[in-house]
**Q** 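Pasting in a structure now, in structure tokens, and then I'll have a few things to ask.
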There are 2 protein chains.
Amino acid sequence: MTTARRSDATRAAILEAARERFAEDGYERATIRAIARDAAIDPSMVMRYYGNKEGLFAAASEIDLDLPALGGLPARHIGAVLVTHFLDRWERDDVLTGMLRVGVTNTAGAERMRAVFAEQLGPIARGVCPDPAEAPRRAALVASQVLGMALARYVLRLPPAVEMSTDEVVAWLGPTVQRYLTDPEP
Amino acid sequence: MTTARRSDATRAAILEAARERFAEDGYERATIRAIARDAAIDPSMVMRYYGNKEGLFAAASEIDLDLPALGGLPARHIGAVLVTHFLDRWERDDVLTGMLRVGVTNTAGAERMRAVFAEQLGPIARGVCPDPAEAPRRAALVASQVLGMALARYVLRLPPAVEMSTDEVVAWLGPTVQRYLTDPEP
DNA sequence: AGCGTTGGCCAACAAGCGTTGGCCAACAGT
DNA sequence: ACTGTTGGCCAACGCTTGTTGGCCAACGCT
């Protein structure tokens, strides 16, 4: 077991600043110098602790969608529950917005997103959709709608998407997600 | 009327190279030097003709979704027609992928996207949805699903989304878009 | 008290960026 | 043929970036 180091606070501060900057500015415009300034330390410390910018990004983008277990749930409510959860998760902090920003411009970021959805949304789809072999496709459909709304609402900020209440979003997207997961193939 | 200049070919070459680079790399990583190299001219020419990088981007991102007139169409096919058209438009060239990439990291890019969807998708929604006052919201919902699929399929390249045929995508997304446009509010 | 280890800053590097201004050849009008 | 205009390249500028290595103070152990 590893004992606590004196530098752990600094490491954490760097990571937090990095997450914020990556989320706000995307990979290229989030400079190590700006991150270091936010964390109130010298840029060289970032290098010392995380090797290089890619390493920092890898450390800063460990993402947990934190999806709920859907075990005892009535099958026909899954869509609404899932959309509700995604909205919550998206508004809790800006890690997911960051993932989206970085995934779009950076190869490593895109790879990370593929992994996150395959590992965390895939199993859920496998649990509820009619034919487990179709689970990846159905998960991708759900991802397309959920990510699309996140894009419109939190990144592009299309005014009508921003103005909708979370209840309205759930009412509109819930049935869509529900259909993608549980309806027979069209 | 303005007469043709000798430099028009160069101007066009720059614009084409710019579109490609912006689409592939996003705003920051699409450097003027790289664009000039692609167009086989000197970087300073880009400045001469387009003022600065922002001006070049503005000129390179004049976007036409080229949406069809839906006049005589049976109302219940609108969803499928629209999705089909978007897929076509998206695969015809990489202007839209570029718009997406840049819209995510660049303020001017996001602004451009808001304008494009408000001006080109808005009117269509106004024409077919029950209450014209709800048109912007419904257009935003359609945008969220269409952009989300584009994101998953052409930018993040989630494998299941890439592997689906266009027919399958239309079969799944068509009803969603249809519902967003014409169903009564939930 | 002495000494190795750790945490941190400073100064600098090479590379790449957007951008500028000057120079030269090819053209067009007279 | 002469001259003004246009199209183009070259070389440089000031700046920012990621990254490196050396130096110093604070700590923890014996």
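In what follows, every heavy atom counts, from backbone to side chain, and hydrogens, waters and symmetry copies are set aside. Each chain gets a letter, A, B and so on, in the order the sequences are listed, and its residues count up from 1.
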**Q** Tell me: CG of Leu56(B) to P of dC17(C), nearest whole Å?
**A** 15 Å
**Q** Look at the side-chain heavy atoms of Ile, Leu, Val, Met, Phe, Trp and Tyr, link any pair under 4.5 Å apart, and say whether Leu147(B) and Val95(B) land in one connected group.
**A** yes
**Q** Round to the nearest Å and state the distance from Arg21(B) atom CZ to dC17(C) atom P.
**A** 10 Å
**Q** For Arg21(B), which residues count as a salt bridge (charged side-chain N to carboxylate O under 4.0 Å, His left out) partner, sequence neighbours excluded?
**A** Asp25(B), Asp38(B)
**Q** Taking C-beta and beyond as the side chain, do Asp64(A) and Val116(A) meet within less than 4.5 Å on heavy atoms?
**A** no
**Q** Let's test your reading of the pairing rules: Watson-Crick or G-U wobble, both distances under 3.5 Å, then write DNA chain C as a dot-bracket string with ( ), [ ], | and dots.
**A** ||||||||||||||||||||||||||||||
**Q** Go through the steps for Thr105(B) and Val104(A) under the test side chain to side chain contact (heavy atoms under 4.5 Å, CB included), then give the verdict.
**A** CA-CA 9 Å; Thr105(B) 46; Val104(A) 167; over 6 Å; no
**Q** Go through the side-chain N and O atoms of Thr176(B) and Arg179(A) and say whether any donor and acceptor fall under 3.5 Å apart.
**A** yes
**Q** Let me have a per-nucleotide readout for nucleotides 17-23 of chain D, 5' to 3', with B, S or -, counting only protein heavy atoms under 4.0 Å.
**A** BBSBB--
**Q** What nucleic acid atoms does Tyr49(A) come within less than 4.0 Å of, heavy atoms only: base, sugar-phosphate, or nothing?
**A** sugar-phosphate
**Q** Side chains of Leu82(A) and Tyr180(A), heavy atoms from C-beta outward: is any pair under 4.5 Å?
**A** no
**Q** So does Arg19(A) pair up with Asp93(A), basic N to acidic O under 4.0 Å?
**A** no
**Q** Is any side-chain heavy atom of Leu151(B) closer than 4.5 Å to a side-chain heavy atom of Leu100(A)?
**A** yes
